[in-house]
Amino acid sequence: MPKLEEWEIKKYWQIFSSLNPVDNKLSGDKVSVVFKNSHLTDDKLSKIWDLADIDVDGSLDFEEFCIAMRLIFDIVNGDVTSVPDKLPNWLIPSSKSHLVQADLAVRSGSNNDATSVSSLSDGEDEELSLNDDFDWYISPTDKQTYETIYDSSCDRYGRIKFDSLNGLYATLKNVPETAISSAWNIVNPKQYETIDKDQCLKHHNMI
């Protein structure tokens with residue numbers, strides 16, 4: 001299955017940062033400069049924008065920017081011949097999968113379209129789906145910060161306990177304890193006493 005590579009994410013981050021995002025988002029005007037450098041037709045670029053702007057807020061955050069850039073590069077490089085009608089599963093970030101599911105349900109005229117919802121994960125359970133597609137949209141800068149926190153908090157086996165992160169939680173003045181606990185439970189659905197590095201990075205990114 002295709003995936004976004006680490007070097008690719010870093011390249012997109014450099015482009016994204018150079019366009020001076022506001023509140024970690026880029027407007028259509030700023031993105032259009034990069035889009036037009038691809039020399040794709042306006043109708044293709046418009047379709048790519050619509051696919052990437054998952055939350056339909058008229059701007060692209062870093063996750064959505066990565067989606068758009070990968071779609072553009074795949075067409076420019078000849079890996080695909082046309083813009084897909086819907087996002088491929090591997091390009092859907094976990095944090096926005098519920099938005100894609102809701103859109104599918106609306107399009108099908110049903111709020112309980114189990115077939116469409118389940119197809120997003122190709123039958124994988126939630127934990128596996130998170131592991132597969134969660135970390136690609138953590139910005140390199142944030143990832144480095146999270147890894148530093150992990151390295152200073154984990155035990156000699158590389159495991160993290162909830163209480164090990166109390167120092168971090170104490171700095172999050174505007175984040176409710178319920179949100180912190182919820183983020184822990186999402187990355188640790190089986191309620192183990194400890195989590196690993198991958199889960200820890202996800203946890204940090206969610207809070």
Side-chain angles (χ1 to χ4, degrees), residues 1-21 23-26 30-31 33-35 37-38 40 48-49 51-55 59-80 83-84 86-100 120-122 124-155 157-160 165 168 183-184 186-189 194-207:
M1 177 181 294
K3 67 175 183 177
L4 285 166
E5 303 289 348
E6 189 68 26
W7 64 266
E8 184 180 8
I9 298 168
K10 289 180 179 179
K11 178 174 68 176
Y12 297 156
W13 177 251
Q14 290 172 349
I15 300 172
F16 183 84
S17 301
S18 72
L19 294 173
N20 300 316
D23 295 329
N24 292 316
K25 292 186 176 184
L26 292 174
K30 290 184 176 180
V31 170
V33 177
V34 176
F35 274 27
N37 283 340
S38 68
L40 296 180
I48 288 172
W49 173 277
L51 287 173
D53 186 18
I54 295 176
D55 54 14
S59 60
L60 300 184
D61 59 23
F62 182 56
E63 301 170 20
E64 295 169 333
F65 184 74
C66 284
I67 292 170
M69 294 305 292
R70 180 57 186 263
L71 290 172
I72 287 173
F73 275 106
D74 278 351
I75 295 176
V76 171
N77 293 329
D79 295 325
V80 297
V83 182
K86 64 178 183 178
L87 281 179
N89 297 344
W90 62 272
L91 259 182
I92 300 173
S94 294
S95 68
K96 290 184 170 63
S97 64
H98 66 287
L99 296 174
V100 178
L120 286 173
S121 60
D122 288 328
E124 297 168 349
D125 62 28
E126 181 180 4
E127 182 181 15
L128 181 57
S129 178
L130 282 174
N131 286 336
D132 280 349
D133 64 9
F134 199 101
D135 63 352
W136 67 259
Y137 62 82
I138 299 177
S139 75
T141 304
D142 287 344
K143 188 172 184 180
Q144 185 175 8
T145 301
Y146 301 157
E147 286 179 338
T148 300
I149 295 171
Y150 165 80
D151 290 338
S152 65
S153 305
C154 67
D155 62 22
Y157 302 108
R159 309 294 296 183
I160 291 279
L165 298 172
L168 168 66
W184 177 274
I186 288 174
V187 302
N188 184 24
T194 61
I195 59 177
D196 60 20
K197 180 176 181 178
D198 184 55
Q199 292 169 306
C200 185
L201 295 186
K202 298 170 187 175
H203 177 57
H204 291 330
N205 197 46
M206 294 177 73
I207 59 178

Query raised in the report: Near Lys10 NZ, under 6.0 Å, is it more than 12 heavy atoms from other residues, nucleotides or ligands?
Result: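 Counting neighbours around NZ of Lys10, 12 or fewer heavy atoms of other residues, nucleotides or ligands fall under 6.0 Å, so no.
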Exercise. How far apart are the C-alpha atoms of Leu60 and Phe16, what are their side-chain angles, what is the distance that settles it, and do they pass the side-chain contact (heavy atoms from CB on, under 4.5 Å) test?
Worked result: CA-CA 10 Å; Leu60 300 184; Phe16 183 84; 5.6 Å; no
Note to self: Please give me the minimum heavy-atom distance between Cys66 and Leu4, naming the atom from each residue.
What the structure shows: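 That would be CB-CD1, 4.3 Å.
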Check your understanding: What pair of heavy atoms forms the shortest contact from Phe35 to Ala68, and how long is it?
Key ->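 Scanning both residues completely, I find the closest heavy atoms to be CZ-CB, 3.7 Å.
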With rounding to the nearest 0.5 angstrom, report the [atom1] to [atom2] distance, [X] to [Y].
{"X": "Arg70", "Y": "Ile48", "atom1": "CZ", "atom2": "CD1", "result": "12.5 Å"}
{"X": "Leu165", "Y": "Ile195", "atom1": "CG", "atom2": "CD1", "result": "6.5 Å"}
{"X": "Glu8", "Y": "Lys3", "atom1": "CD", "atom2": "NZ", "result": "10.5 Å"}
{"X": "Lys197", "Y": "Asp151", "atom1": "NZ", "atom2": "CG", "result": "6.0 Å"}
{"X": "Ser38", "Y": "Ile75", "atom1": "OG", "atom2": "CD1", "result": "8.5 Å"}
{"X": "Ile67", "Y": "Ile54", "atom1": "CD1", "atom2": "CD1", "result": "4.0 Å"}

Does [Y] offer a backbone N or O that forms a donor-acceptor pair with the side chain of [X] under 3.5 Å?
{"X": "Ser152", "Y": "Ile149", "value": "yes"}
{"X": "Tyr150", "Y": "Asp198", "value": "no"}
{"X": "Asp23", "Y": "Lys25", "value": "no"}

* Hey, which of Asn20, Asp61, Val34, Leu19 is the one that makes side-chain contact (heavy atoms from CB on, under 4.5 Å) with Leu26? ->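 Result: among Asn20, Asp61, Val34, Leu19, Leu19 is the only option passing the side-chain contact (heavy atoms from CB on, under 4.5 Å) with Leu26.
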*In sequence, state the C-alpha distance, the side-chain angles, and the governing distance for Glu64 and Asp55, and then conclude on side-chain contact (heavy atoms from CB on, under 4.5 Å).*
CA-CA 9 Å; Glu64 295 169 333; Asp55 54 14; 3.0 Å; yes
Requested in this report: Go through the steps for Trp49 and Val31 under the test side-chain contact (heavy atoms from CB on, under 4.5 Å), then give the verdict.
Outcome: CA-CA 9 Å; Trp49 173 277; Val31 170; 4.1 Å; yes
Q) Heavy atoms, side chains only, cut-off 4.5 Å: are Ile9 and Phe62 in contact? A)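 Counting from C-beta outward, Ile9 and Phe62 do come under 4.5 Å.
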task = Using the test side-chain hydrogen bond (donor to acceptor under 3.5 Å, both in side chains), find all partners of Asp53 that sit at least two apart in sequence or belong to another chain.
result =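 For Asp53, no residue satisfies side-chain hydrogen bond (donor to acceptor under 3.5 Å, both in side chains) once neighbours in sequence are set aside.
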>> Before you tell me yes or no, could you show the steps for Leu71 and Leu91 under side-chain contact (heavy atoms from CB on, under 4.5 Å), namely the whole-Å CA-CA distance, both residues' side-chain angles and the distance that decides it to 0.1 Å?
In response: CA-CA 9 Å; Leu71 290 172; Leu91 259 182; 4.0 Å; yes
